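Structure, as structure tokens:
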Amino acid sequence: MQAASPRLVLKPGRDKSLRHRHPWIFSGAIARVEGEPASGDTVAVLAPDGAFLAWAAYSPQSQIRARAWSFEAEDAIDEAFLRQRLQQSIARRKRLMGEGDAMRLVHGESDGLPGLVADLFGNTVVVQIMSAGAERWRAFWGPALLELTGASSVYERSDAEVRALEGLAHRVGPLVGTPPPMARIVEDGISYDVDVAKGQKTGFYLDQRDNRLLARSLAREVEVLNGFCYTGGFSLSALRGGARHVVSLDTSEEALELARHNVGLNAFDASRAEWLAADVFSQLRKYRDQGKRFGLIVLDPPKFAPTEKHVPNAARAYKDINLWALKLLAPGGHLLTFSCSGAISPDLFQKIVAGAAADAKADVQIRRHLGAALDHPVSIHFPEGEYLKGLWLQAA
Ligand code: SAH
């Protein structure tokens with residue numbers, strides 16, 4: 001162990017989660033800080049008896065005061081170490097996903113790189129840096145990702161709200177090279193243009209890949225409603241699946257514009273697609289008043305509960321949209337309903353939807369529990385990584 005490195009010594013009884021290889025060290029677990037680590041510096045984390053537990057990145061402003069890079073005393077946290085982690089993460093994707101041009105290459109804590117996300121879109125890698133530790137190595141990620149992927153540019157989208165909790169300002173712009181204005185990707189045979197600079201998050205919701213494929217398989221000859229459509233992922237999948245008509249809702253005009261553009265990329269019959277700048281909460285009620293029915297409904301809302309304290313309000317919002325969607329299901333119709341709020345567990349989400357079904361007097365069965373695609377792994381030591389959960393329901 002490097003004797004000179006600063007140290008965090010934990011309080012008695014607070015070493016259990018690290019021994020279970022959970023990567024977060026909360027401020028309340030720390031008895032004292034030895035030395036003067038700056039934001040992002042590597043610290044040794046020690047049990048009260050001095051036993052080595054982990055190498056971690058220090059984050060002086062965050063409740064998550066440090067995030068573990070490694071649980072091995074012999075490791076040195078340097079560029080060679082981080083490079084190996086990146087390499088392993090990318091190699092796993094190649095095994096899982098083959099040679100696709102749109103995939104998540106690095107999924108933060110679950111890939112052993114806390115606070116770092118990297119998505120591949122065509123020849124562009126988009127990086128999100130969300131922790132003080134990942135920020136400390138900011139200059140390293142761009143060139144390393146370029147070299148390991150063979151991409152031609154790396155673009156930074158460090159504008160997630162969580163940066164504020166780490167005391168970090170937003171940063172957006174090219175890290176290496178210049179990305180094209182739109183990155184063209186092909187997912188399951190459907191082309192999309194991704195706006196890496198101005199789109200939401202990194203530009204495209206790769207986590208829903210498998211569920212878009214499911215929607216495609218359920219769409220044949222039915223009326224489809226896609227709430228929260230963003231740039232049209234589920235809508236285009238339903239069109240490809242042979243939907244009679246697809247109505248897609250989003251409050252973002254920019255998202256809808258790109259969705260329409262994406263329809264054009266695929267030579268779909270645009271008359272079968274209707275795009276509506278509308279609030280899902282009120283539009284579902286309008287459809288109910290009009291007596292509309294749909295054979296397939298997709299609800300993939302934004303994160304209603306960014307943190308624990310938002311859970312009660314979020315639960316009401318999830319219940320509301322699911323209740324109205326269930327009332328709009330045709331006999332035998334399917335509902336794919338999601339929550340990407342880490343603070344809402346799969347169990348709680350199912351209870352909320354069950355409450356909605358009871359109030360709607362809807363007789364539905366669970367066909368399957370849904371989650372994020374394979375390139376969004378969940379480390380068994382980090383259950384928080386399982387943020388996306390969904391239910392495939394079918395009306396009687
Ligand atoms: N399903 C999409 C991703 C959805 S992201 C995909 O596969 O790509 C959530 C979307 O909900 C965002 O585009 C956001 O603009 C939209 N949104 C947020 N609040 C909304 C509301 N009340 N009504 C309609 N759309 C909303």
Side-chain angles (χ1 to χ4, degrees), residues 102-104 119 121 126 157 160-161 183 185-188 190-196 198-216 218-219 224-241 246-263 265-266 273-287 296-306 310 313-314 316-325 328 335-342 370-373 375-376 387-392:
M103 66 181 87
R104 175 148 297 190
D119 285 347
F121 299 121
V126 180
R157 283 298 302 272
E161 290 309 314
I185 61 166
V186 180
E187 182 192 80
D188 291 314
I190 301 177
S191 299
Y192 301 89
D193 270 347
V194 178
D195 185 346
V196 300
K198 292 194 224 70
Q200 297 177 24
K201 303 279 175 62
T202 61
F204 193 74
Y205 292 91
L206 292 167
D207 53 359
Q208 290 285 22
R209 180 190 307 106
D210 296 355
N211 301 319
R212 285 190 278 262
L213 212 48
L214 173 63
R216 179 163 158 179
L218 300 173
V224 179
L225 171 61
N226 181 14
F228 312 97
C229 69
Y230 188 47
T231 56
F234 280 102
S235 313
L236 270 63
S237 301
L239 288 171
R240 176 53 57 82
V246 182
V247 49
S248 308
L249 315 174
D250 206 287
T251 43
S252 161
E253 294 278 7
E254 298 80 53
L256 291 169
E257 198 183 313
L258 189 46
R260 284 193 204 96
H261 165 87
N262 285 335
V263 171
L265 290 183
N266 294 278
E274 180 185 345
W275 305 93
L276 218 53
D279 169 46
V280 168
F281 292 84
S282 51
Q283 192 63 31
L284 293 177
R285 288 169 167 81
K286 278 191 198 145
Y287 285 144
L296 171 63
I297 301 178
V298 180
L299 293 178
D300 181 26
K303 202 193 284 177
F304 286 154
H310 298 92
N313 279 339
R316 273 191 286 280
Y318 285 119
K319 182 169 178 184
D320 187 87
I321 54 175
N322 281 285
L323 187 147
W324 289 93
L328 293 173
L335 170 62
L336 305 182
T337 180
F338 300 95
S339 160
C340 60
S341 302
L370 306 173
D375 50 345
H376 294 62
Y387 65 101
L388 181 69
K389 72 280 314 176
L391 292 169
W392 167 15

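Worth knowing before you read on, the calculation uses all heavy atoms, side chains too, and leaves out hydrogens, waters and symmetry mates. Numbering starts at 1 and runs along the sequence shown. Here the structure is a predicted model, which means the values were calculated and not measured. Both ligands and their constituent atoms are indexed starting at 1 by order of listing.
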Kindly identify the option in [options] whose heavy atom sits closest to [atom].
| atom | options | value |
| --- | --- | --- |
| atom 14 (C) of ligand 1 | Asp250, Asp207, Thr231 | Asp250 |
| atom 9 (C) of ligand 1 | Asn226, Asp300, Leu284 | Asp300 |
| atom 18 (C) of ligand 1 | Gly233, Ala317, Ser248, Pro302 | Pro302 |
| atom 24 (C) of ligand 1 | Gly227, Ala259, Ala278 | Ala278 |
| atom 5 (S) of ligand 1 | Phe304, Phe281, Tyr205 | Tyr205 |

Could you check if a side-chain atom of [X] sits within less than 4.5 angstrom of a side-chain atom of [Y], using non-hydrogen atoms only?
| X | Y | value |
| --- | --- | --- |
| Arg216 | Ile190 | yes |
| Asn313 | Phe304 | no |
| Asp300 | Asn226 | no |

**Message:** Ignoring hydrogens and geometry beyond distance, is a side-chain donor-acceptor pair present between Asp207 and Tyr387 at under 3.5 Å?
**Reply:**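 Indeed, the side chains of Asp207 and Tyr387 share at least one donor-acceptor pair under 3.5 Å.
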
**Request:** Give a yes-or-no answer on whether the side chains of Tyr192 and Thr231 include a donor-acceptor pair shorter than 3.5 Å.
**Result:** no

Which atoms of ligand 1 are found less than 4.0 Å from any heavy atom of [X]?
| X | value |
| --- | --- |
| Ser252 | 15 (O) |
| Phe234 | 1 (N), 7 (O) |
| Gln200 | 12 (C), 13 (O), 14 (C), 15 (O) |
| Tyr230 | 2 (C), 3 (C), 4 (C), 8 (O), 13 (O) |

Taking only Lys NZ, Arg NE, NH1 and NH2, and the carboxylate oxygens of Asp or Glu, determine whether [X] and [Y] approach each other closer than 4.0 Å.
| X | Y | value |
| --- | --- | --- |
| Arg209 | Asp375 | yes |
| Arg285 | Asp320 | yes |
| Glu254 | Lys198 | no |

**Request:** Without swapping roles, check the side chain of Asn262 against the backbone of Ser191 for a donor-acceptor pair under 3.5 Å.
**Result:** no

How far is [atom] from the closest protein heavy atom, and which atom is that?
| atom | answer |
| --- | --- |
| atom 6 (C) of ligand 1 | Arg212 NH1, 3.7 Å |
| atom 23 (N) of ligand 1 | Val280 N, 3.0 Å |
| atom 26 (C) of ligand 1 | Thr251 OG1, 3.2 Å |

**Message:** Evaluate Asp279 for polar contact with ligand 1, using N/O atom pairs at a separation under 3.5 Å.
**Reply:**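 Indeed, backbone or side chain, Asp279 has an N or O that close.
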
